[in-house]
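This report concerns only the one structure given below.
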Number of protein chains: 2
Amino acid sequence: MCRMPQEPVRERRVGSQVQREVMQLILDRRLRPGALLPTEAELMEELGVSRNSVREALKALQALDIVEIRHGYGTYVGQASLTPLADGLTFRTLVQLADDTRALEEILQVREVLEEGLVRRVAVLLTDEELSQLEALVRKMEEAADAGGAFPELDREFHETLYRSLGNELVPQLLGAFWNVFNRVAGVRGWARDPAPDVTVSRHRDIVTALRARDVEGAQRAMADHFRGIEARSGQESRGVG
Amino acid sequence: MCRMPQEPVRERRVGSQVQREVMQLILDRRLRPGALLPTEAELMEELGVSRNSVREALKALQALDIVEIRHGYGTYVGQASLTPLADGLTFRTLVQLADDTRALEEILQVREVLEEGLVRRVAVLLTDEELSQLEALVRKMEEAADAGGAFPELDREFHETLYRSLGNELVPQLLGAFWNVFNRVAGVRGWARDPAPDVTVSRHRDIVTALRARDVEGAQRAMADHFRGIEARSGQESRGVG
DNA sequence: ACGAATTTGTCCGTATGTATT
DNA sequence: CAATACATACGGACAAATTCG
């Protein structure tokens, strides 16, 4: 009877009706990403609601990257990217980070499982050109490491190039979202710097070497070693002094 | 026209700014999921913006499940679940489905890579009790199949139980999101029915049998076969008549 | 059981900034 | 540069939902 006010009931998500109607409108009219949506005034009339309700619905859809609002011009159909996933995971990780680093380790484990499985599949798909691109990226990493700097963008590009031959657009987006969360949170914590860039470079080189030899098992092992390195970096810090 | 020079120019994107400020407020005050947020009136005053701006920001955060709004009571810190991912992926898949089923196949491939890797890891972690639970679920599936019905909930529970010993909460949420997208879209297309439930049951039984024998390779093979079955189901339909 | 207080939901009107033409 | 169309923001008012005395 007297329910604790501090505990919200987990009721089924009612959601905004207007929100769903706008989504349905996009689907019904076969609008593609980039297409222009009706203006707020038109949506007011078509859906029979006020401007405020339309705006709140559009704001919610914008947060999901389902629509894209351009100030002074109009509203477009969005790309429905994984930006909301990255935003939500970042927030959740930061909230939980006050207690422990579990959320971060969970993300890392998912990345590891994904990439170990993926590297096996691309091992037989990669073209010579792609292998050359990967080797070039490793050389660039080496130069950056010799200069004493970090190379987050090169790392990102490496993994993106690695899985291009799959032809699966969801894969780089998903990995990119995880990568973003990890780096954003790491930046807040202060342990964004790679303590041993040269080791990281050789991990990447090992992966390419195994792939060049079409050594599926070796590529998976190299990828696993790569993640062991990342785990050691974050694990060492989480047990260190605050 | 006559803009006062000493007055600081108003921030460009107040909307997303308020959004970030609310998130920062949650982090600064160490609010946990379920905690009550300041009321809209209080946020207006604290952030120095109008109520509409506050509401639009809260609506956007609600779409990301970062806050949870209850009419007539208040606003809570949300769970930051993967509901936005499921919503976004569902929308993207539906939009693209007018052309092809590529988005759906991409999701399936990610699920497959994930589950093949995960089943290897749980093979050495599963307790006898969890194995018994899995066997019980397979028996229930068999009963449902004999009765001629489908068993989407049993399938979902099977995969959830399978990875419980990992202790990774992100894994079931991620797989659940993918599963939701797949089933929601499948429902729209009309090919939700499993044409051969008995085959699906035996795929699951094969997985449990291999796991009971602690046969890592066999478990992965069984999982791969399981997904071959799902691919065959959807692939056959996508090449069939409209 | 009922009403008051609180809080969110919706609407209207108006003024301003911004991009396109 | 001027005009236009559009999104952005503010303030006020009332309705609906929830809680609690």
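Convention: sequence-line order gives letters A, B, ...; per-chain numbering from 1.
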Quiz item: Is the phosphate of C/dG9, meaning OP1 or OP2, less than 4.0 Å from a side-chain N or O of B/R55?
Solution: yes

Quiz item: By a strict heavy-atom criterion of less than 4.0 Å, which residues belonging to residues 35-43 of chain A are in contact with DNA chain D?
Solution: A/T39, A/E40

Quiz item: Hey, does the side-chain of B/H71 have a donor or acceptor N/O within less than 3.5 Å of a partner on the base of D/dA16?
Solution: yes

Self-check item: Value in whole Å for how far the P atom of C/dT7 lies from CD of B/E68
Solution: 18 Å

Quiz item: Taking CD from A/Q17 and P from D/dA16, how many angstroms apart are they, rounded to a whole number?
Solution: 17 Å

Quiz prompt | Flag if over 12 foreign heavy atoms under 6.0 Å of CD, B/E42 | solution = yes

Quiz item: Please give, in whole Å, the distance from D/dC6 C1' to A/Q62 CD?
Solution: 15 Å

Self-check item: B/R92 with B/E106: basic N within carboxylate O range, under 4.0 Å
Solution: no

Quiz item: Do A/E56 and A/S53 have a side chain donor and acceptor closer than 3.5 Å?
Solution: no

Quiz item: Once you round it to whole Å, what is the distance between C1' of C/dC11 and CD of A/E45?
Solution: 16 Å

Quiz item: When you measure from the side chain of A/I69, which nucleotide among D/dA9, D/dT8, C/dG9 comes out closest?
Solution: D/dT8

Quiz prompt | Distance in angstrom units between A/Y73 OH and C/dG17 C1', rounded | solution = 18 Å

Quiz item: In whole Å, what is the span from the NZ atom of B/K59 to the C1' atom of C/dG9?
Solution: 8 Å

Practice problem: Check if the side chain of B/N52 and the base of D/dG11 share a donor-acceptor pair of N or O atoms closer than 3.5 Å. | Solution: yes

Quiz item: If we only count heavy atoms from C-beta on, is the A/V49 to A/L43 side-chain gap below 4.5 Å?
Solution: no

Self-check item: Nearest-Å distance for atom pair CZ/C1', residues A/R70 and C/dG17
Solution: 16 Å

Exercise. Salt-bridge test for A/R102 and B/E169: reply yes if a basic N is under 4.0 Å from a carboxylate O, no otherwise.
Key: yes

Quiz item: Taking only N and O in the side chain of A/T75, is any of them less than 4.0 Å away from OP1 or OP2 of D/dC6?
Solution: no

Exercise. Could you say whether A/G72 or A/G48 is positioned toward the 5' end of DNA chain C, judged by the nucleotide with the nearest heavy atom to each?
Key: A/G48

Quiz item: Is there a donor and acceptor pair, one atom on the side chain of B/R51 and one on the base of C/dG9, closer than 3.5 Å?
Solution: yes

Self-check item: Between C1' of D/dA7 and OH of A/Y76, the distance in whole Å
Solution: 12 Å

Quiz item: Hey, what's the ring geometry for B/Y163 with B/H159, parallel, tilted or perpendicular (30° and 60° as the breaks)?
Solution: tilted

Quiz item: Looking at side-chain heavy atoms only, is the closest gap between B/F227 and B/E115 below 4.5 Å?
Solution: yes

